[in-house]
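Only heavy atoms go into these numbers, but all of them, side chains included; no hydrogens, no water, no symmetry mates. Bear in mind that the values here come from a model prediction, so they are computed numbers and not experimental data. Chain letters run A, B, ... following the sequence lines, proteins first, then strands; residues in each count from 1.
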2 protein chains.
Amino acid sequence: MDELDSALVQLLQRDARQTNRELARQLGIAPSTCLERVRSLERRGVIRGYHAEIDTAALNRGVQAFVAVQIRPLSRTVIDSFTEFVAGLPQVVSAFVVAGGDDFLIHVAVQDLDHLHAFLVDRLSRRREIISYRSSVIYQQAHNTVLAALDEP
Amino acid sequence: MDELDSALVQLLQRDARQTNRELARQLGIAPSTCLERVRSLERRGVIRGYHAEIDTAALNRGVQAFVAVQIRPLSRTVIDSFTEFVAGLPQVVSAFVVAGGDDFLIHVAVQDLDHLHAFLVDRLSRRREIISYRSSVIYQQAHNTVLAALDEP
DNA sequence: GCCTCCCACCGAACTTCGTTCGGAAACGAG
DNA sequence: CTCGTTTCCGAACGAAGTTCGGTGGGAGGC
């Protein structure tokens, strides 16, 4: 993970469909060398994949929200089964097991407020392990598409 | 946005570096047609970009957390300037303006707990518009890499 | 200091792919 | 049915991905 790798990771975060030759040109190295570097990053698991970013409106998801959930008991069995349940729902973008007052934080994207309500009432609240939940509609969001490596501690 | 477009969007969410020929093969159409479809999706803004997914550990970010922040006054000026400030911090993955008890929800990724604490105390708390904040360390996370279009309402 | 080994890099050759374009086919409106 | 429009296909060509033998430079041993 030298300086060349960092630069490569940064370029591929910005645009994953650049040609290998274009990447090589920007780094000032030969295409064959560049390809070998990328392959190495993939093999080592540094690069986990390449994904297209899709406009949520095009996917018919006009409303997004976070749902903070408390579940009991907080055993591994219950956490794992609830995680699996949540991850399988098409409305769910991502889910987090967190410390603090809440146990789960779930990012959902649905058609509209009616569907958000239906999701909460018809899907989530059916789960017996939930003892409370509270949702926050998202007004705006900002995403950092390119993350750099932080300095050593 | 017909069935072919949906399938294309799904394939490119899963793997954005597939060759155009491979995409065409999976959809049962000619490469030239497939390319025209992809270009159209890009032109219409359905596809916003292609990004490499990087292992957070490789970026030296062992700890992630959500920080819920309350700010005052809740005017556009203050919200915008705080958003800009937050989005510029290298520790921040994403930031959300939300309804409900909190005003901002900030997803951060840092080296370790010491750096999380330093981030909260040295960076965030300097902002005068913050009247309170509370952080939740992330234990586990699940990501839905491929989102499908939801049914019409 | 010198020799050797090893690893990263390069450039050429070959395969595969992206891209363009003319024409065919499908579709809808009148 | 006919016309016009849109979508699709297949061939052709330039560009890119991929492989591989060779080269240089740095590390370690003598």
- Whole-Å gap separating P (C:dC10) and CZ (A:Arg25): 15 Å
- Item | Min side-chain heavy-atom separation A:Leu4-A:Arg37 under 4.5 Å | yes
- Item | Rounded distance in Å - CG (B:Asp2) to P (C:dC27) | 13 Å
- Message: Using a 4.0 Å heavy-atom cut-off, does B:Leu23 contact any base of the nucleic acid, only the sugar-phosphate backbone, or nothing at all?
- Response: nothing
- Message: For A:Arg14, give me all partners under salt bridge (charged side-chain N to carboxylate O under 4.0 Å, His left out), at least two apart in sequence or on another chain.
- Response: none
- End-to-end bend of the helix from C:dG1-D:dC30 to C:dG30-D:dC1 (five-pair axes, 10° rounding)? 40°
- Task: With sequence neighbours left out, write down each residue that passes side-chain contact (heavy atoms from CB on, under 4.5 Å) with B:Ser32, or none if nothing qualifies.
- Result: B:Ala30
- Message: Can you confirm whether A:Val98 sits close enough to A:Asp103 that some side-chain heavy atom of one is under 4.5 Å from a side-chain heavy atom of the other?
- Response: no
- Query: Given atom CD of B:Glu36 and atom P of C:dA24, what is their separation to the nearest angstrom?
  - Reply: 20 Å
- Item | For A:Asp102, all residues meeting side-chain hydrogen bond (donor to acceptor under 3.5 Å, both in side chains), sequence neighbours excluded | A:Arg134
- Report the distance from atom CG of A:Leu27 to atom P of C:dC10, rounded to the nearest whole Å. 10 Å
- Which nucleotide in the list D:dC9, C:dA8, C:dC10 gets nearest to the side chain of A:Ile29? C:dC10
- Please name all residues satisfying salt bridge (charged side-chain N to carboxylate O under 4.0 Å, His left out) with A:Asp122, sequence neighbours left out, ordered by chain then number. none
Please list, pair by pair, any protein nitrogen or oxygen found under 3.5 Å from a nitrogen or oxygen in nucleotides 13-17 of chain D.
residue : atom : partner : partner atom : Å
D:dG17  : OP1  : A:Asn20 : N            : 2.5
D:dG17  : OP2  : A:Asn20 : N            : 3.3
D:dG17  : OP2  : A:Arg21 : N            : 3.0
D:dG17  : N7   : A:Arg21 : NH1          : 2.8

- Item | With B:Tyr133 via ring pair (Phe, Tyr, Trp, His ring centres under 6.0 Å) - residues at least two apart | none
- How would you list, by chain and number, every residue that makes a salt bridge (charged side-chain N to carboxylate O under 4.0 Å, His left out) with A:Arg123, sequence neighbours excluded? none
- Query: A:Arg37 CZ to D:dT18 C1': how many Å, rounded?
  - Reply: 18 Å
- Task: Rounded to the nearest angstrom, tell me the gap between atom CD in B:Glu42 and atom C1' in C:dG18.
- Result: 13 Å
- Does any pair with a residue in residues 16-72 of chain A pass ring-ring contact (aromatic ring centres under 6.0 Å, His included), and if so which ones, sequence neighbours excluded? A:Phe66-A:His107, A:Phe66-B:Phe66, A:Phe66-B:Phe96
- Any side-chain N or O of A:Thr33 under 4.0 Å from OP1/OP2 of C:dC10? yes
